[in-house]
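Both counts, for ligands and for their atoms, begin at 1 and track the order of listing.
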Amino acid sequence: MHQSPMEMTFAYFILHALLLLQFSLRSNAREIIEKHVGNDYTHSGNLKEDHHGPHGLDPTLSVFFRVGDLYLGKKMPICFAAYDNSNPTHLLSQDEANSIPFSSSKLPYLLEFFSIPKNSPQAKAMEATLNQCEHKPAKGEVKFCANSLESMMDMTLGVLGKVKPKVLTTKIFSSNHTFFQNYTFVKKPLEIYASKKVACHAMAYPYKVYYCHGHKGHTDRLFKIDLHGENGERVDAIAVCHMDTSMWDSNHIAFRVLGVQPRSSPVCHFLPPDNLAWIPSA
Ligand SMILES: *[C@@H]1O[C@H](CO)[C@@H](O)[C@H](O)[C@H]1NC(C)=O
Ligand SMILES: *[C@@H]1O[C@H](CO)[C@@H](O)[C@H](O)[C@H]1NC(C)=O
């Protein structure tokens, strides 16, 4: 009953994105955070809207779709986590990252440092992130957490090899992003072929931390999908299709959302705007 770390992380992302947005940062950490994270934590307005997805579940689960949905003209409701593209966020520099411990054994100190109350949802989210980062990779799997740009690049190149890396992200072209709405696939989805990939998911933490995992296999397929929202918003989305879900937990939420037989159907999902997919540039 092994749940793929990718999917576990994705579930964490969805869960923790909500907590993350509530982080309030004070004290000596503030300067670093404001400089590098800007108002990443303050654009949560839309998250408070109470919508229900077509499956009657949390709308944040409206990111999954089937391989058979990859056609021009497909229309579906999608939730892209709130995102402010006028205010890009950055990873800490290596020096800054090195000046702050990053270990679950230092959690009490870190909570004090960031002025986060013990046992608060934020504290629990931080602990979950640290635990996730300290979890040993499964056999044959490459995973790491990056809390600086340098460490992300070093470790990503360790997976991709001596190549020029290229990063793929979901881009939202709107000054007025609607958290949850219907989108139409306005072009035929374009498959992006890559022999190796590293996917990095933003984690709940007081500064930018990514959980990354690498694949050398060919069981995941990447797509670029151009979307138009009902409100006229344009999104250049990146999506991943996991073709082999036979090792996933049969209770994985994606199977329920899609109404498919667990572990016997591929599962696709859109990448949230702050996730990164690294591939070798052609
Ligand atoms: C933003 O979008 C919402 C929903 O589509 C709309 O009600 C609102 O008027 C828009 N605001 C602006 C400033 O365009
Ligand atoms: C999407 O469109 C369907 C059918 O037109 C509608 O019932 C549904 O409420 C829409 N969903 C959203 C999130 O706007």
Side-chain angles (χ1 to χ4, degrees), residues 6-7 9-22 39-87 121 168-191 201-202 204 221-242 245 251-262 265-275 277:
M6 158 78 195
E7 293 314 306
T9 308
F10 192 67
Y12 274 149
F13 170 80
I14 287 173
L15 179 68
H16 293 158
L18 298 168
L19 303 175
L20 170 101
L21 293 160
Q22 294 159 15
N39 68 358
D40 197 26
Y41 297 92
T42 61
H43 56 237
S44 58
N46 285 336
L47 288 177
K48 295 193 187 78
E49 286 176 31
D50 184 23
H51 292 293
H52 289 282
H55 30 63
L57 297 167
D58 186 327
T60 59
L61 296 169
S62 292
V63 292
F64 296 106
F65 62 95
R66 305 177 192 212
V67 173
D69 294 331
L70 288 163
Y71 58 88
L72 170 66
K74 168 71 188 175
K75 184 179 168 189
M76 63 181 284
I78 308 170
C79 169
F80 287 109
Y83 173 76
D84 180 357
N85 67 2
S86 65
N87 207 328
L168 306 172
T169 58
T170 288
K171 293 185 191 71
I172 295 174
F173 299 97
S174 170
S175 55
N176 182 28
H177 172 50
T178 303
F179 176 55
F180 182 51
Q181 64 171 317
N182 280 309
Y183 290 88
T184 305
F185 293 20
V186 292
K187 279 189 195 154
K188 189 173 179 290
L190 178 72
E191 181 154 11
H201 307 272
R221 295 168 68 187
L222 275 175
F223 293 89
K224 178 176 177 287
I225 305 177
D226 292 1
L227 302 167
H228 274 192
E230 258 175 350
N231 74 345
E233 172 179 301
R234 199 162 67 77
V235 179
D236 285 357
I238 300 295
V240 182
C241 291
H242 302 282
T245 56
N251 292 319
H252 193 289
I253 189 75
F255 299 130
R256 198 143 60 90
V257 172
L258 298 177
V260 296
Q261 190 70 26
S265 312
V267 168
C268 304
H269 63 80
F270 289 99
L271 286 190
D274 60 358
N275 282 213

Check salt bridge (charged side-chain N to carboxylate O under 4.0 Å, His left out) between K224 and all other residues, then give those that pass, not counting sequence neighbours. D226
Taking distance alone, no hydrogens or angles, what donor-acceptor pairs closer than 3.5 Å link side-chain atoms of residues 66-73 to residues at least two apart or in another chain?
residue, atom, partner, partner atom, Å
R66, NH2, L258, O, 2.6
D69, OD1, K74, NZ, 3.4
D69, OD2, R66, N, 2.9

For ligand 2, which atoms, with element, lie under 4.0 Å from some heavy atom of E230? 14 (O)
Tell me the closest heavy-atom pair linking L271 and F80, and the distance in Å. O-CE2, 4.1 Å
Proximal atoms of ligand 2 relative to N182 (non-hydrogen, under 4.0 Å): 1 (C), 2 (O), 3 (C), 8 (C), 10 (C), 11 (N), 12 (C), 14 (O)
Which of the ligand 2 atoms, numbered from 1, are nearer than 4.0 Å to a heavy atom of K75: 5 (O)
Over all atoms of both residues, closest heavy-atom pair of T169 and I238: O-CG1, 3.3 Å
Give the atoms of ligand 2, by number and element, whose distance to some non-hydrogen atom of F180 is under 4.0 Å. 13 (C)
